[in-house]
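Notes to accompany the following structure.
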Amino acid sequence: MEKINLTFPDGSVKEFNKGVTPFQVAESISSRLAGDALISSVNGVQRDLYYAINEDSKIAIYTFNNKEGQEAYWHSTSHLMAHAIQVLYPEAKFGVGPAVEGGFYYDIDINETLTETDLEKIEKKMMELAEANSGYERQELTQKEALELFEKKGDQYKIELISDLDDKEVAISLYHEGDFTDLCRGPHIPGTGRIKYVKLLSISGSYWRGDEKNKSLQRIYGVSFPKKKMLEEHLELLEEAKKRDHRKLGKELDLFTVQEEAGAGLIYWHPKGARVRHEIEDFWRKEHLRSGYELLYTPHIGKSWLWETSGHLVNFAENMYAPMQIDDQNYYLKPMNCPFHIMIYKANLYSYRDLPKRWAELGTVYRYEKSGALHGMLRVRGFTQDDAHIFCTAEQMDAEIKRTVHFSIHMLKSFGFDDLKFYVATRPDKAIGDDVVWEQAVTSLKSALESEKLDYEVDEGGGAFYGPKIDIKIKDALKREWQLSTIQFDFNLPERFDMKYIGEDGKEHRPYMVHRALLGSIERFMGILVEHYGGSFPTWIAPVQVAVVPVSEKYFEYAEKIKDELLADDIRVELDYRNEKVGYKIRAWETQKVPYMLIVGEKEVEAGTVSVREHKVGDKGSMKLEEFVKIVSEEIKSRVNNK
RNA sequence: GCUGACGUAGCUCAGUAGGUAGAGCACUUCCUUGGUAAGGAAGAGGUCACCGGUUCAAAUCCGGUCGUCAGCUCCA
């Protein structure tokens with residue numbers, strides 16, 4: 001028997017018979033691995049477990065514990081779901097059914113509208129089919145053969161997909177599983193029996209190939225796991241996300257509303273939400289001043305000249321609101337702050353000695369968003385960017401980028417976001433500015449991250465048309481990613497507005513320009529903050545920091561004294577005058593997620609103390625008010641986020 | 001914007017063989033003055049999102065508008 005050498009991910013090499021399959025390789029390691037193995041990769045190409053290896057190769061075996069294995073598992077489950085649907089709805093036509101983050105989906109075309117009950121039916125059928133434990137068998141064929149097959153089935157979507165493939169470049173493959181056949185690149189898990197726990201989560205519309213001109217299909221989302229506990233944990237996480245939904249908490253904690261009568265996508269900040277916002281903005285301003293920024297205020301509308309010059313009317317028109325006529329001139333509501341900051345720059349002639357200029361503004365902008373895109377505070381039509389523009393010389397560029405990245409990390413961490421991911425987005429297809437400048441700018445962005453020893457991913461072609469950018473995403477308490485910061489080069493505006501500065505040589509030069517937003521928008525940031533903390537804000541940003549709870553009205557006078565002293569110490573305090581028992585009041589403030597309660601009754605009046613109760617923790621015993629003030633003030637001052 | 005679902009008191013929700021509305025919480029008043037997650041009683045509160053249609057009669061059926069939700073698309 002001819003032998004081949006297989007190299008494992010850890011670098012070790014083992015000898016096998018030629019034609020060995022990844023499954024046999026797994027078996028040779030342990031029966032447990034063979035049982036858990038889902039797919040493999042041979043020389044970097046993902047393969048089914050029964051793929052015959054005929055030459056020396058690098059091999060890796062994937063189980064559900066690997067991202068690769070998980071994807072295959074979910075992908076195979078989507079086939080199983082399609083299978084079940086075909087059994088239940090023989091007329092069904094199938095679109096695509098990939099694995100996605102957190103599960104899988106399949107787009108199907110059937111005449112009736114599916115409901116939640118139908119999902120249960122499909123789920124049940126899937127489990128039935130899984131028990132049959134049929135294998136996923138691969139078959140390769142030519143484009144012509146594939147077309148004939150699906151024409152016979154009358155599946156126009158698959159026909160369209162196959163027509164776009166080229167069988168000289170890629171193998172066109174089918175996978176058979178029981179009596180279900182699907183066009184699929186693979187690989188798949190060994191058999192349906194591996195699929196143990198399935199939950200179909202939701203159903204919604206989606207266009208064939210994501211194009212709204214195409215027919216709308218029904219998309220069923222689901223998730224599956226090999227172990228019951230995994231499914232339970234996953235569902236718990238979804239449950240937790242629902243509990244933390246900022247729209248729900250926004251209502252419960254009376255932070256904000258969006259009102260139908262007043263307009264979609266427009267946020268009304270209630271007093272409690274406004275207090276949180278005030279804290280965020282106050283901190284933001286102080287930190288910017290400390291970091292060498294100057295603050296600006298600019299108007300909310302501007303003449304069309306501004307937007308013609310900036311190019312917004314050409315490139316951003318679909319997001320701008322219709323103009324209003326003032327003295328026979330067209331004025332537009334601003335979708336961005338940059339032209340205004342540039343106007344301030346142009347009001348003076350600067351020397352290279354004056355640069356860099358770092359100008360920041362909490363600038364409220366309005367953008368038209370499609371009604372279906374609106375979502376609580378996360379996607380709105382009017383929002384306040386924590387915007388800034390940096391104008392500098394070419395020589396200063398690298399240092400400014402580094403400085404901005406540094407500052408951004410500081411800001412995000414200050415709010416308790418410690419898990420950060422960095423992305424560098426490069427030149428998109430339609431872009432202005434020449435390649436050399438783009439190259440320089442991208443290098444500058446990358447080296448800024450590298451010098452800070454920060455890992456980053458490159459988002460090829462993800463830059464704005466006017467320049468490349470660094471995006472920073474955070475992971476919240478539920479491990480969900482949100483993009484917050486963006487740091488963008490701009491090769492466009494300095495040119496269009498003919499900006500200049502006088503260099504050392506006495507001649508005019510074009511300044512470099514960087515746009516940046518660190519928190520993104522205050523509305524969106526607030527929404528994310530609410531979800532991250534599940535409404536239990538750190539004391540320094542909590543709308544109410546302390547609630548004073550008198551045991552009965554006999555102690556109102558003492559309670560008022562306490563309240564006044566806390567107010568004098570700049571602590572946000574409320575006194576509960578309600579004619580209720582302590583238990584009732586404690587429950588009320590606890591559900592309002594107030595960090596501290598001070599219970600005062602006869603004992604406290606006599607001893608001159610307060611009884612402290614901490615949110616989520618409970619009774620902390622009694623102490624002198626001064627002592628409590630010291631503890632809380634320190635907590636606020638050092639902005640403790642995680643207790 | 002598109003597809004689908006939904007829109008009943010401040011909030012969470014009941015309410016289909018079409019016969020002009022109900023609960024809990026919250027709110028108001030009274031009783032109670034009570035120690036660490038809901039004391040008791042009474043009361044007030046809704047042109048059932050809006051507009052139009054079918055009908056003797058519409059929260060309920062039909063159409064349109066607005067809005068919300070899940071996605072698609074897009075993004076701070």
Side-chain angles (χ1 to χ4, degrees), chain A residues 100 105 107 109 112-116 201-221 245 247-248 251-252 254 257-265 316 318-319 335-337 363-365 367-387 464 471 482-486 488 515-528 549-556 578-592 597-604 611-622:
Chain A
V100 289
Y105 68 80
D107 284 345
D109 181 6
E112 65 184 285
T113 302
L114 295 173
T115 64
E116 300 283 319
L201 297 166
S202 67
I203 179 156
S204 63
S206 73
Y207 300 104
W208 170 237
R209 303 198 134 180
D211 187 336
E212 62 185 65
K213 289 191 229 38
N214 287 339
K215 177 155 188 192
S216 174
L217 309 175
Q218 298 190 66
R219 173 171 298 183
I220 302 177
Y221 281 87
D245 192 314
R247 293 165 299 185
K248 181 174 180 288
K251 217 179 267 175
E252 286 171 8
D254 200 16
T257 48
V258 181
Q259 297 175 44
E260 173 175 357
E261 303 88 323
F316 208 70
E318 69 275 19
N319 285 298
M336 290 189 191
N337 302 301
T364 303
V365 297
R367 297 182 188 172
Y368 174 73
E369 296 289 347
K370 292 177 179 178
S371 62
L374 301 175
H375 184 93
M377 284 188 134
L378 299 182
R379 195 71 190 281
V380 294
R381 284 179 173 162
F383 58 97
T384 302
Q385 290 184 305
D386 71 314
D387 209 357
D471 285 335
W482 305 96
Q483 190 198 314
L484 293 179
S485 306
T486 183
Q488 312 183 339
H515 308 247
R516 45 110 286 191
L518 306 185
L519 308 181
S521 90
I522 302 298
E523 285 75 6
R524 184 178 148 84
F525 187 72
M526 174 77 172
I528 293 165
V549 177
V551 171
S552 85
E553 65 190 18
K554 284 193 267 180
Y555 315 108
F556 279 3
R578 284 176 291 192
N579 178 13
E580 296 287 351
K581 292 194 178 182
V582 255
Y584 177 93
K585 296 189 197 177
I586 285 170
R587 180 171 195 277
W589 292 107
E590 191 64 29
T591 54
Q592 283 296 300
M597 281 176 238
L598 298 181
I599 319 290
V600 294
E602 187 162 2
K603 278 184 287 182
E604 289 73 21
S611 174
V612 180
R613 189 177 214 280
E614 194 180 333
H615 177 49
K616 284 184 176 167
V617 177
D619 196 351
K620 301 274 282 183
S622 59

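Proteins get letters first, then strands, A, B, ... in listed order; numbering begins at 1 in each.
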* So A:Gln385 and A:Val365, side-chain contact (heavy atoms from CB on, under 4.5 Å) or not? Walk me through it. -> CA-CA 7 Å; A:Gln385 290 184 305; A:Val365 297; 4.1 Å; yes
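- Between A:Lys248 atom NZ and B:C69 atom P there is a gap of 15 Å when expressed in whole angstrom units.
- If you check every strand for non-hydrogen atoms under 4.0 Å, A:Val365 touches nothing.
- Neither OP1 nor OP2 of B:C75 sits under 4.0 Å from any side-chain N or O of A:Tyr368.
- An aromatic stacking contact links A:Phe383 with the base of B:A76, defined here by ring centres under 5.5 Å apart and ring planes under 30° from parallel.
- Using a 4.0 Å heavy-atom criterion, one finds that A:Glu580 contacts the bases of the nucleic acid, with or without backbone contacts as well.
- B:C62 and B:A23: their C1' atoms are spaced 31 Å apart (whole Å).
- Distances shown here put every side-chain N or O of A:His375 at or beyond 4.0 Å from the OP1 or OP2 atom of B:U68.
- B:C56 and B:U3 are spaced 39 Å apart, taking the C1' atom of each and rounding to whole Å.
- Between A:Arg247 and B:A70, a side-chain N or O to OP1/OP2 separation shorter than 4.0 Å is present.
- Residue side chain A:Glu590 does not reach the base of B:A38 through any donor-acceptor N/O pair under 3.5 Å, judged by distance alone.
- Spacing between B:G1 and B:G43 at atom P, rounded to whole Å, works out to 47 Å.
- Using a 4.0 Å heavy-atom cutoff across all strands shown, A:Glu604 reaches at least one base atom of the nucleic acid.
- Of the candidates B:A37, B:A76, B:G71, B:G71 carries the atom nearest the A:Arg219 side chain, counting heavy atoms from C-beta on.
- In this structure, of B:U33, B:C11, B:A37, it is B:C11 that holds the atom nearest to the side chain of A:Lys251.
- Using a 4.0 Å heavy-atom criterion, one finds that A:Ala517 contacts no nucleic acid atom at all.
- Taking the P atom of each, B:G71 and B:U29 are spaced 44 Å apart, rounded to whole Å.
- Nucleic acid contact for A:Glu369: base, since at least one base atom lies under 4.0 Å from a heavy atom of the residue.
- B:C6 and B:A49 have their P atoms separated by 13 Å, with the value rounded to a whole Å.
- Within the 4.5 Å cutoff, the side chain of A:Asp386 has heavy atoms near those of the A:Arg516 side chain.
- Between A:Tyr584 and B:A26 there is a side-chain N or O to OP1 or OP2 distance below 4.0 Å.
- The gap from the P atom of B:G46 to that of B:A5 amounts to 32 Å, rounded to the nearest Å.
- When heavy atoms are screened at a 4.0 angstrom cut-off, A:Glu602 is found touching base atoms of the nucleic acid.
- In this structure, of B:U68, B:U36, B:C66, it is B:C66 that holds the atom nearest to the side chain of A:Glu260.
- Annotation: B:G64 and B:G24 have their P atoms spaced 39 Å apart (nearest Å).
- B:G22 and B:G15 have their P atoms separated by 15 Å, with the value rounded to a whole Å.
- Here the nucleotide nearest the side chain of A:Ser202, chosen from B:A76, B:A70, B:U68, is B:A70.
- The side chain of A:Val551 has B:G35 as its nearest neighbour among B:U33, B:G35, B:G71.
- For A:Leu374, the listed nucleotide lying nearest its side chain is B:U68; candidates were B:A70, B:G35, B:U68.
- With B:G71, B:G35, B:A76 as the candidates, the nucleotide lying closest to the side chain of A:Arg524 is B:A76.
- Across all strands shown, A:Gly372 has heavy atoms under 4.0 Å from base atoms, whether or not it also approaches the sugar-phosphate.
- Residue contacts shown for A:Phe525 are absent, as no nucleic acid heavy atom lies under 4.0 Å away.
- For A:Asn579, the listed nucleotide lying nearest its side chain is B:C31; candidates were B:U36, B:G71, B:C31.
- Between A:Arg587 and B:U36 there is no side-chain N or O to OP1 or OP2 distance below 4.0 Å.
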